[in-house]
Amino acid sequence: MKKTLKARLAILSDAAKYDASCASSGTSKRDSSASGGLGSTEGSGICHAYAPDGRCSSLLKILMTNFCIYDCAYCINRSSSNVERARFSPEEVVWLTLEFYRRNYIEGLFLSSGIIQGSDYTMEQMVRIARDLRLKHNFRGYIHLKTIPEASARLIEEAGLFADRLSINIELPTDAGVEAFAPQKHPANIRRSMGELKAKIDEASEPTLQTKRRKRFVPAGQTTQMIIGADQASDATILGASAGLYDRYRMRRVYYSAFSPIPDASKALPLIKPPLMREHRLYQADWLYRFYSFGIHEITAARPDGMLDLAVDPKLAWALENRARFPVDINKADKEMLLRVPGFGVKTVTAILNTRRFKRLALDDLARLKVSIKKVQAFIEAAGWTPAKLIDRADLRTMFLPEPVQLSLL
Amino acid sequence: MRVVLRARGDFGEWRDTARGLLAQGVDPRDIDWLSEEAVGQELFPPVPAPRSAAHRVSVPKDFLPLAESLICHSDLARFDLAYRLLWRLQSDKNLLLIKSDPDVERAHALNRSVHRDGHKMHAFVRFKEVPAPGLRRAFVAWFEPDHWIVARNAGFFQRRFTDMDWMIATPKGSIVWDGESVRFCDEPAEQPDIMDDADDLWRTYYANIFNPARLKVKMMQTEMPKKYWKNLPEAVLIPELIVGAEQRVREMAERAASNSAPVFHARLQSRKT
């Protein structure tokens, strides 16, 4: 007997949760007031719910089907797994998206799929869903499509006309890792797809000669995901791979997904608690690279094994290794150096630069800018404050460590 | 001087009164700002404050949006704070750039909280379908905002849910869209009692997108504080998802990988060789 829609929704959302991305941001601004249709995207995305895993739920994140002809060891949907299988028709995905959207549960659709029959067959079905949402139902919400490896360029191009964002997962930080765990996937082909997509995005961003207008094509760009902790790659290797992806293919985001136990897991992989802290530190390091002008080498140089310090965040770790660069005078230092102070974010630095044109800043001014004085005081000079001795203290690192926690019994 | 603004004291009301007071050079320290909503209808209404829509006051362009949002806050001190900023701006045009000034800092804090409230409204309003007389489908939502933000957020919902009729009812007023215009009503509304079958599908999705191996309850609560839970159809599941998480992960670990793969896997493998 065919499973009910509800039963299939349970299977195909359960199967989709190992994709970390749920972002609905970074796309073009648009709404339905002129078209009289349904949906809008206004700058930043909206998280409509949070699950107890602390993850934002912004898009309806589902698989079209979890049948798959590939056998990737880390994946819940690999062909050798005994998970229950199900499939949605394109009409059902369209219906769920629109009904969920009307009730304001979601910002749009994030559609991925196992590969059935062949790459082009699967991709064709996914493109049809996006096209129907846009053209038949006048839907202006967010659409993120996962592109199927090896799908033909014609289909990717069509997907890009309807989707806000496209992504293809690099899966593991090294080619050797992909070859070992995902025997049917080919890192070189994945990179080629990324390169082709980047070229098409670049091409569409040029105004055409006749109309001087830019073509709408994947306005929220492309992203990718790497699984962390399934293979032996170090943080330095992972971050190096990310930097390459950002620079070469202008990825909007590289997502890191701590490998998490899955039902009926492959024997090739460790069934351990997902390394959530490691994942968190990688995101922090990724941020330092993209928004704080840190080089990857600066972030990972401190430890010979190329791993990030799990006890303190990477910016603080860098500062503790580079004490000669401190203290930083907040009334004089340039923007680049202010951004390197542990405890200062981009917004704080902008506020400091604005405010100091009119007055000299003291510690209580910083407190009003919602800066943690305890965290920054060792690293800065301010009006009436010099931390001369603090920065040389041997136990400076321990001042930042979290309180020891008593071990709990299992 | 005692100034009582009508109803909750909206921005237009405050602006005209503030202009009048500024024209007469009334010092912020001499004004006691109140609203009818806060003090109730008084037996002996105070002498109306001088109002002036005509008097020209020049302010930096950042001030108006800040004051407009500030006046939507539920803190009664908002009127006084907005007037004090206006007063001080007359002699110090750069005041708003000094983010560490206590008045400026406070204004930004209230502004942030009004914005956050609006953002949570965009996120947590849940429409439920109701029978519609015509061709357009109709939906009703109930939301409980902290501040007076309903009217200023109407545009967002109108631009998004254009092809359906809807009403968002709250204890701080309601907005209604019928495809032609948005109407706002100041009166506190009552919570409607409506069931929508789609909520059940949504709960199915919510339960299954949750990964029990990544339990981070505090993180969830920072972003989706408990005060919102009672109006979110999915929130009834939260306690059982948390309690069951550890067991589900343990079961996954204990149940070793099965030795036999599904039939279609064997077929796929044989096709290749």
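Computation of the quantities below employed the complete heavy-atom set of this structure, encompassing side-chain atoms and omitting hydrogens, waters and symmetry-equivalent molecules.
In terms of heavy-atom pairs under 4.5 Å with chain A, the best-connected choice from B:R137, B:R248, B:H108 is B:R137. Heavy-atom pairs under 4.5 Å with chain A peak, among B:I209, B:I98, B:L215, at B:I209. Counting heavy-atom pairs under 4.5 Å between each of B:A213, B:P233, B:A245 and chain A puts B:A213 at the top. Between chain B and the residues A:S13, A:P52, A:C56, A:S33, the most heavy-atom pairs under 4.5 angstrom are made by A:P52. Contact count versus chain B (heavy atoms, under 4.5 Å) is highest, among A:P274, A:S57, A:A7, A:A49, for A:A49. Annotation: maximal heavy-atom pairing with chain B below 4.5 Å, among A:K359, A:R78, A:R55, A:K370, occurs at A:R55. Taking chain B as the reference chain and counting heavy-atom pairs below 4.5 Å, the highest number among A:K6, A:E99, A:R85, A:R102 is found for A:R102. Listed options A:L96, A:L369, A:I46, A:I106 were ranked by heavy-atom pairs under 4.5 angstrom with chain B; first place goes to A:I46. Top candidate by heavy-atom pairs under 4.5 Å with chain B, chosen from A:L38, A:N138, A:L60, A:L366, is A:L38. Contact tally against chain A (heavy-atom pairs below 4.5 Å) for B:A109, B:P212, B:A261: the top residue is B:A261.
The minimum heavy-atom distance between B:E234 and A:H48, with the atom names listed, is OE2-O, 4.1 Å. Taking both residues in full, the closest heavy atoms of A:C68 and B:L268 are given as O-CD1, 4.1 Å, listed atom of the first, atom of the second, then distance.
Looking at B:L201, the atoms closer than 4.5 Å to chain A (heavy atoms on both sides) sit in the backbone and in the side chain alike. Neither the backbone nor the side chain of A:S35 comes within contact range of chain B; no heavy atoms are under 4.5 Å apart. In this structure, the portion of A:R357 lying under 4.5 Å from any heavy atom of chain B is its side chain and not its backbone. With a 4.5 Å cut-off on non-hydrogen atoms, A:A367 does not touch chain B at all. A:Y105 touches chain B through backbone and side chain together, each having a heavy atom under 4.5 Å away. For A:D71, the part lying under 4.5 angstrom from a heavy atom of chain B is the side chain only. Both the backbone and the side chain of B:Y205 come within contact range of chain A, judged by heavy atoms closer than 4.5 Å.
A donor-acceptor pair under 3.5 Å links the side-chain atoms of B:R160 to the main chain of A:S40, judged by distance alone. Put simply, the side chain of A:K17 gets close to the backbone of B:F210: a donor and an acceptor are under 3.5 Å apart. Side chain of A:N104 to main chain of B:V125: a donor-acceptor pair is present (N/O by atom type, distance under 3.5 Å, no hydrogens or angles). Side-chain N or O atoms of B:N208 include none that pairs as donor or acceptor with a backbone N or O of A:L12 at under 3.5 Å.
Scanning residues 344-355 of chain A against chain B with a 4.5 Å heavy-atom cutoff picks out A:A351, A:N354, A:T355, ordered by number.
Taking B:Y228 as the reference, B:F124 meet the ring pair (Phe, Tyr, Trp, His ring centres under 6.0 Å) condition, with sequence neighbours excluded.
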